[in-house]
Amino acid sequence: MKYVLVTGGVVSGLGKGVTASSVGVVLKSCGLRVTSIKIDPYLNIDAGTMSPLEHGEVFVLDDGGEVDLDLGNYERFLDIKLTRDNNITTGKIYQSVIDKERRGDYLGKTVQVVPHITDEIQEWIERVAMNPVDGTEEPADVCVIELGGTIGDIESMPFIEALGQFSYRVGPGNFCLVHVSLVPVLNVVGEQKTKPTQHSVRGLRGLGLMPDILACRSTQPLEEHVKVKLAQFCHVPISNIINLRDVTNIWHIPLLLRDQKAHEAILKVLDIQCVGKVAREPQLSEWTERASRCDRLKSPVRIAMVGKYTGLSDSYLSVIKALLHASVALDRKLVVDWVPSCDLEDSAAEENLDAYEKAWELLKGADGVLVPGGFGDRGVQGKILAAKYARENNIPYLGICLGMQIAVIEFARSIMKLHGANSTEFDPTTKTPCVIFMPEGSKTHMGATMRLGSRRTFFQVTNCKSAKLYGNASYVDERHRHRYEVNPDMVPEFEKAGLSFVGRDESGKRMEIIELPTHRFFVGAQFHPEFKSRPGKPSPLFLGLVAASSGQLDHLLQPGLISSTGRHTCSKGGAQKLKAGHVMKPLNGLVNAHYSATGNGAIPI
């Protein structure tokens, strides 16, 4: 097993996750099997109880792991399936060591950070790196490890020490360190400054780690004399200094690595010969087409994102990516209008009239409406108003998790005249509980107590839009993260009033997908389809929303365009065949996502 460690220096938010993913893409395109591990130095066991506004979205894996959003980048870039163990946290490591101490595994020993914590980290990495992630039974050839945070952070110290030991443990030719750093330009001087990177590398070396490759983030291409200076003061060969400048979309990053021969530098450090299955040059023709295609898109499609965490786009990162995958596949330039749900409420008109008017202007100017998942009652009334507006005005609507529950509540109040209808999450004493707490959930413990991970949904109606988008499959497997559900006792009333529950779980009692048959596109899903969307295989429900919003849904749903095998591919001229669950092949990518040296890596507009 070979290991590539990606660290970051100077400032956080340089795009280590995108860099690590892109390194994996380049190595995979050379014919190597690649897996990934993300190390987060926080004490939380996982990301499940963390606020999206503080840490970005919580990404959910097939096994129910609630993990850092960077694992979503790994899965999307590399098209692999990871497990909860691929996200290492300080909390997990300490919990494991303490459990061993209580069992008596260290009997007679004084349990310390060194060697017990550091040994646990190294053993965890070696164990997880061997797990197959690409659908075969074969282990990976290379494991890309991303260390979260910035070199010098106190909480990272045990991991730095462990990784320093690990580099000696696996031996020369099996470990490559890629250090991502910033080369800023001061406006008053107007020249690229190397001192921050020099200090970052000095700190890294002082902690026992020697960078093999420098990945330098900058707004403009690095000048040659700057590379010479970095090579001299950082003790890194000039051929191993890679410039990751700002680009128009993040699909260019693997291409930047390839063009600067980063793969050759990595393969040389890892002592991997370019023979047999390992290609001398990365095979990235699809990525090249994807990146250029993203830049060429002009016809816009406007989607109103109505949520409570709109102040940080990373809170809905996977949703944005899924929208982008679908929009590029349909030859549309995605424009996301962020609508804070609180600003749609009547109370906002009294408190901040400008914000209220702007929110409604954005909602009414959108081609489609998306209400993503969330927790808590803040902004719920605004989401209900958004669902009502979309339903009454025949505007394409997709509700995810809470967004589906919101649509059910709105339907009960407006169509069924059940004015007190609500979720017990927002009103525990409601007399019309159309959304209820799931009986298997816990009301005393929050972490890892929801209905999590991949679950099967069976279609009840064969000719509904959702089933057609999934290639007329009889069932689909999608990832879940919720503790409330539609009240099964009220389902007959809803269906009598015209709301169709077209997807249910294996018991038939848990509602998974809703549709309004008479509406252009009004769909809600209890699961999170965004987590399995891929650049070359957009989520079917997101594809349906974007198609309906851009006037392409009828064409997309024509017989023969979506098959039971089902891949739907789009060429420059239009739609071809589509695969159930994972749609659209060569046209892939993210558009309007800038890889910026001054922001959080990939920043969707």
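Salt bridge annotation for Asp477-Lys532: absent, with no cationic side-chain nitrogen under 4.0 angstrom from a carboxylate oxygen. Lys2 and Asp271 are not joined by a salt bridge, as no carboxylate oxygen comes within less than 4.0 angstrom of a charged side-chain nitrogen. A salt bridge links Arg479 with Glu75: the distance from a Lys NZ or Arg NE/NH1/NH2 to an Asp or Glu carboxylate oxygen falls below 4.0 Å. Of the charged side-chain nitrogens involved, none lies within less than 4.0 Å of a carboxylate oxygen, so that Asp141 and Arg33 do not count as a salt-bridged pair. Salt-bridge annotation for Lys81 and Asp134: absent, with no side-chain N of the basic residue lying under 4.0 Å from a carboxylate O of the acidic one.
When atom types are taken as modelled, the side chain of Asp46 and the backbone of Gly48 share a donor-acceptor pair closer than 3.5 angstrom. A donor-acceptor pair is defined here as one N or O able to donate and one able to accept, closer than 3.5 Å; no such pair exists between the side chain of Asn73 and the backbone of Val18. Proximity of a side-chain donor or acceptor of Asn243 to a complementary backbone N or O of Leu222 within less than 3.5 Å is detected. Under the 3.5 Å distance criterion, the side-chain polar atoms of His480 are matched with a main-chain donor or acceptor of Glu478. At distances below 3.5 Å, not a single donor-acceptor pair connects side-chain atoms of Asp85 with backbone N or O atoms of Val128. Side-chain atoms of Arg84 come within 3.5 Å of backbone N or O of Asp63 as a donor-acceptor pair. A donor-acceptor contact shorter than 3.5 Å links the side chain of Ser21 to the backbone of Gly17.
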Quiz item: Going through the distances and angles, do Arg296 and Glu289 end up as a salt bridge (Lys or Arg N to Asp or Glu O under 4.0 Å)?
Solution: CA-CA 11 Å; Arg296 294 195 304 266; Glu289 165 61 21; 3.6 Å; yes
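The shortest non-hydrogen separation linking Leu69 to Gly56 is CD2-CA, 3.8 Å.
If you take CD on Glu146 and CG on Asn86, they are separated by 12.5 Å, rounding to the nearest 0.5 Å.
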